[in-house]
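Everything on this sheet refers to the single structure shown next.
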Amino acid sequence: MSKKNDGQNELEQIQLLRGGDIVSSLSGAFGQSLKETRITAILGYLVALAPDHFIKKFGFKGTALSISLETVHSQGRSDILITTTKGIGVIEAKADGTNPYQQAMEYKAKWRVLLTQYVPSSRESKLRNIRYMQWREIGKLLTELSKSSDPRVRFVSMDLLSYMEKYHMIKTRESVEIYAREINEPASLVLFLRAQLYGCGYEKNSRLPEALYFAPHFGQKISMNYPGVRVGLSYIARIETVEVVEKWQDLMKIIQSIRGKNWLNKHKSSLEPIHKKKDFKNNIKRSFLFLGEPRLVFNPPVKKDRLQKGTGWLSKKFFSFDELFLAWEGKKGNI
């Protein structure tokens with residue numbers, strides 16, 4: 001019996017489009033416009049999955065017994081209604097800065113949460129059993145729940161975070177600005193400076209695809225053999241795209257597709273040295289960064305000991321511009 005190759009069973013993710021636009025979350029698959037009913041429905045589902053976290057956050061008393069969406073009242077429909085052992089709580093949500101106070105007061109409840117971007121006055125903040133909450137507070141709770149041991153809670157929390165970020169209801173999570181790696185051998189140096197490419201081992205679940213720029217750190221060995229190349233981090237290049245390949249032929253096809261046949265023929269001499277790497281012989285996955293023109297940003301270069309403790313290989317691969325500029329100024333920051 002032949003053994004199955006696990007790698008062949010891996011599913012590749014492809015783009016999902018709705019109306020010609022890329023869908024970036026499950027929530028977005030239901031439509032490309034922000035709808036309060038959609039976001040409260042997803043939030044209500046998450047409350048049902050992890051009720052204790054939300055009951056505490058909302059300031060409700062008792063243990064949750066049931067969660068209802070769009071419950072019909074005599075004066076309309078409430079967004080989320082939670083029944084606990086101590087009473088009933090209502091959550092009325094507005095995606096913008098509208099004050100939902102009047103609407104929430106139409107529904108019979110012991111507690112009311114007004115989820116909105118509206119900033120309450122001092123008097124409104126002191127109303128009994130009425131709590132104003134901004135979406136950023138929900139965002140913080142979702143971030144905590146995205147680390148839950150329950151896979152359903154993790155998935156829904158992360159998806160809702162993504163949806164809220166897209167529509168600027170909360171600030172985006174800290175972006176990955178700069179991806180930094182060591183370059184201390186000639187093939188990689190030439191590839192970076194002449195061909196505007198960089199190759200490295202593929203890392204599953206890496207944030208590399210989110211990075212905006214690449215910054216190589218040149219080592220002592222390369223500096224001694226190449227006049228003009230100084231030890232440290234001095235060049236930064238914009239990351240145009242990141243591609244994952246296993247075979248040399250695949251890399252050639254991707255390069256030709258992205259940069260054209262003429263470009264490939266012109267830079268083959270810069271590419272050939274990496275062809276001999278054992279990774280290509282063993283079909284090991286590698287990530288290739290297609291870069292813009294390298295720019296000399298730091299002169300003198302940023303020294304490694306300003307980015308980490310010691311002078312060994314870079315232990316940290318992702319940096320912000322602020323971190324690099326602080327290091328360039330001679331300040332170590334949080335290392």
Side-chain angles (χ1 to χ4, degrees), residues 18-19 23 25-142 145 152-153 155-157 159-171:
R18 183 186 174 95
V23 174
S25 66
L26 177 63
S27 311
F30 296 100
Q32 290 299 306
S33 61
L34 176 62
K35 290 186 179 295
E36 289 164 358
T37 52
R38 186 176 300 140
I39 197 168
T40 53
I42 299 168
L43 180 61
Y45 177 68
L46 186 57
V47 172
L49 290 177
D52 292 345
H53 293 82
F54 288 93
I55 293 297
K56 182 179 179 181
K57 189 73 175 178
F58 293 151
F60 296 171
K61 304 297 182 183
T63 303
L65 297 175
S66 67
I67 292 97
S68 303
L69 301 174
E70 296 189 46
T71 301
V72 178
H73 302 260
S74 58
Q75 299 297 323
R77 296 184 179 187
S78 58
D79 289 331
I80 304 173
L81 185 146
I82 302 176
T83 302
T84 77
T85 53
K86 298 290 185 179
I88 294 175
V90 165
I91 295 93
E92 192 61 32
K94 296 295 179 184
D96 55 17
T98 302
N99 184 355
Y101 173 80
Q102 291 296 336
Q103 189 171 350
M105 294 304 294
E106 299 288 345
Y107 312 136
K108 186 177 181 180
K110 189 171 184 178
W111 312 284
R112 295 172 178 84
V113 169
L114 311 180
L115 189 52
T116 174
Q117 303 293 32
Y118 174 78
V119 179
S121 66
S122 176
R123 182 185 63 81
E124 289 171 326
S125 298
K126 296 175 182 177
L127 292 172
R128 186 176 180 183
N129 292 331
I130 295 175
R131 174 173 295 190
Y132 281 88
M133 288 184 66
Q134 292 193 325
W135 286 104
R136 59 179 174 79
E137 296 178 69
I138 295 297
K140 289 181 180 179
L141 180 55
L142 293 177
L145 292 176
R152 299 171 302 168
V153 173
F155 172 77
V156 178
S157 298
D159 192 78
L160 187 52
L161 270 174
S162 177
Y163 186 75
M164 292 168 66
E165 287 173 355
K166 178 180 178 180
Y167 290 102
H168 309 293
M169 297 178 69
I170 58 175
K171 288 184 178 180

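As the structure is a computational prediction, the values presented were derived from the model and not from experiment.
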Nearest-0.5 Å distance that lies between atom CG in L142 and atom CD1 in I42: 10.5 Å
Using residues 124-132 as the side-chain source, report each donor-acceptor pair under 3.5 Å to any protein atom, sequence neighbours left out, with the distance given to one decimal.
from : atom 1 : to   : atom 2 : distance (Å)
E124 : OE1    : Y118 : OH     : 2.8
E124 : OE1    : S121 : N      : 2.8
E124 : OE1    : S121 : OG     : 3.4
E124 : OE2    : N99  : ND2    : 3.4
E124 : OE2    : Y118 : OH     : 3.2
S125 : OG     : S121 : O      : 3.0
R131 : NH1    : K57  : O      : 2.6
Y132 : OH     : N99  : OD1    : 3.0
Y132 : OH     : N99  : ND2    : 3.3

I91 and F60, any side-chain heavy atoms less than 4.5 Å apart: yes
Backbone N/O of L65 and side chain of T83: donor-acceptor pair under 3.5 Å: no
Close side-chain approach of T84 and K110, heavy atoms under 4.5 Å: no
S78: partners by side-chain hydrogen bond (donor to acceptor under 3.5 Å, both in side chains), with sequence neighbours left out: H73
Minimum-distance pair of heavy atoms, taken over all atoms of A50 and L145: CB-CD2, 4.5 Å
Partner residues of K61 under the side-chain contact (heavy atoms from CB on, under 4.5 Å) criterion, sequence neighbours left out: K86, W111
Pairs flagged by salt bridge (charged side-chain N to carboxylate O under 4.0 Å, His left out) wherever residues 62-83 is involved - sequence neighbours left out: E70-R77
Test side-chain contact (heavy atoms from CB on, under 4.5 Å) applied to D96 - qualifying residues, sequence neighbours left out: K94, T98
Between OH on residue Y101 and OG1 on residue T116, distance to nearest 0.5 Å: 15.0 Å
Side-chain heavy atoms of L160 within contact of Y45, under 4.5 Å: no
For the student: nearest non-hydrogen atoms of L161 and G139, plus distance: CD2-O, 3.6 Å
With I67 via side-chain contact (heavy atoms from CB on, under 4.5 Å) - residues at least two apart: V47, A48, I80, I82
Side chain to side chain donor-acceptor pair (under 3.5 Å) contacts in which one or both residues fall within residues 133-142, not counting sequence neighbours: Q134-R136
Set of side-chain contact (heavy atoms from CB on, under 4.5 Å) partners for A104, sequence neighbours left out: E92, R112, L114
Pairs satisfying salt bridge (charged side-chain N to carboxylate O under 4.0 Å, His left out), at least one member in residues 98-107, at least two apart: none
From CA spacing to verdict: side chain to side chain contact (heavy atoms under 4.5 Å, CB included), F54, L43: CA-CA 10 Å; F54 288 93; L43 180 61; 3.8 Å; yes
Nearest non-hydrogen partners of A109 and V90, listed with the distance: CB-CG2, 3.6 Å
Nearest heavy atoms of I55 and G62, plus distance in Å: CG2-O, 3.8 Å
Validation row: V153, H53 side chains within 4.5 angstrom (heavy atoms): no
Contacts of R152 that satisfy salt bridge (charged side-chain N to carboxylate O under 4.0 Å, His left out) - sequence neighbours left out: D150
